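Structure in structure tokens, see below.
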Amino acid sequence: MAKEPKERTVLQRVLDTLPRNHTALRDAQTTLAGKGTEVTRGALYEVVKGRSKNPELIEAILDAAEASKARAAALAARAEKLAEA
């Protein structure tokens, strides 16, 4: 009997939209460390999987994902501009 696949959490779906080798979790961890909150990568994965609901960690992950998307969009626009020149 096959198991039904688990539905992906919102944060998992957000991270799925990022480029393959994104650094969102590492960036979130660095940002939190800068604010004085030491957190392990494992704790961030627990939040992404939906097992933890720490709002500070969720916000840091979302901020890092937004920054990663913005960087990717800026690079794509820059490359397009150079290709047209």
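For clarity, every value in this text was computed on a predicted model and none was experimentally measured. We number each residue from 1, following the sequence as shown.
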If two hydrophobic side chains count as joined below 4.5 Å and joins carry through other members, does L18 share a cluster with L75?
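L18 does not cluster with L75.
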
Smallest separation among heavy atoms of A28 and A60, with atom names:
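The pair with the smallest heavy-atom distance is CB-O, 3.6 Å.
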
When rounded to the nearest 0.5 angstrom, what distance separates CG in L11 from OH in Y45?
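Between atom CG of L11 and atom OH of Y45 there are 13.0 Å.
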
Check: T30 side chain, R26 main-chain N or O, donor-acceptor pair, under 3.5 Å
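Side chain of T30 to backbone of R26, a donor-acceptor pair under 3.5 Å: yes, one is there.
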
Distance (rounded to the nearest 0.5 Å) between L57 CG and T31 OG1
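So the gap between those two atoms works out to 11.5 Å.
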
To the nearest 0.5 Å, what is the distance between CG on L25 and CZ on R41?
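Here the interatomic distance stands at 6.5 Å.
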
For T9 and V48, which heavy atoms make the closest approach, and how far apart are they?
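Scanning both residues completely, I find the closest heavy atoms to be OG1-O, 2.6 Å.
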
Taking A43's backbone N and O only, do any of them form a donor-acceptor pair with T40's side chain (distance below 3.5 Å, no angle check)?
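Pair found, side chain donor or acceptor close to backbone of A43.
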
Test of understanding: with salt bridge (Lys or Arg N to Asp or Glu O under 4.0 Å), list the residues that count as partners of R71, not counting sequence neighbours.
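By the salt bridge (Lys or Arg N to Asp or Glu O under 4.0 Å) rule, R71 matches D27.
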
Grab the two heavy atoms, one from Q29 and one from V39, that are nearest each other, plus how far apart they are.
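For Q29 versus V39, the nearest heavy atoms are NE2-O, 2.8 Å.
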
Side-chain donor/acceptor of R13 to backbone N/O of R8, under 3.5 Å:
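Yes, because the side chain of R13 sits within donor-acceptor range (under 3.5 Å) of the backbone of R8.
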
Locate the shortest heavy-atom distance separating P19 from A72; write the atom from each residue and the value.
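Smallest interatomic distance, heavy atoms only, reads CG-CB, 4.0 Å.
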
To the nearest 0.5 angstrom, please state how far the OG atom of S68 sits from the CG atom of D63.
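Going from OG on S68 over to CG on D63, the span is 12.5 Å.
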
Do other residues, nucleotides or ligands put more than 12 heavy atoms under 6.0 Å from E59 CD?
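At most 12 heavy atoms, drawn from other residues, nucleotides or ligands, come within 6.0 Å of this atom.
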
Just how far is it from atom NZ of K49 to atom NZ of K6, taken to the nearest 0.5 Å?
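K49 NZ to K6 NZ: 9.5 Å, rounded to 0.5 Å.
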
Dump the intermediate steps for side chain to side chain contact (heavy atoms under 4.5 Å, CB included) on V14 and I61, then the final yes or no.
CA-CA 10 Å; V14 167; I61 292 168; over 6 Å; no

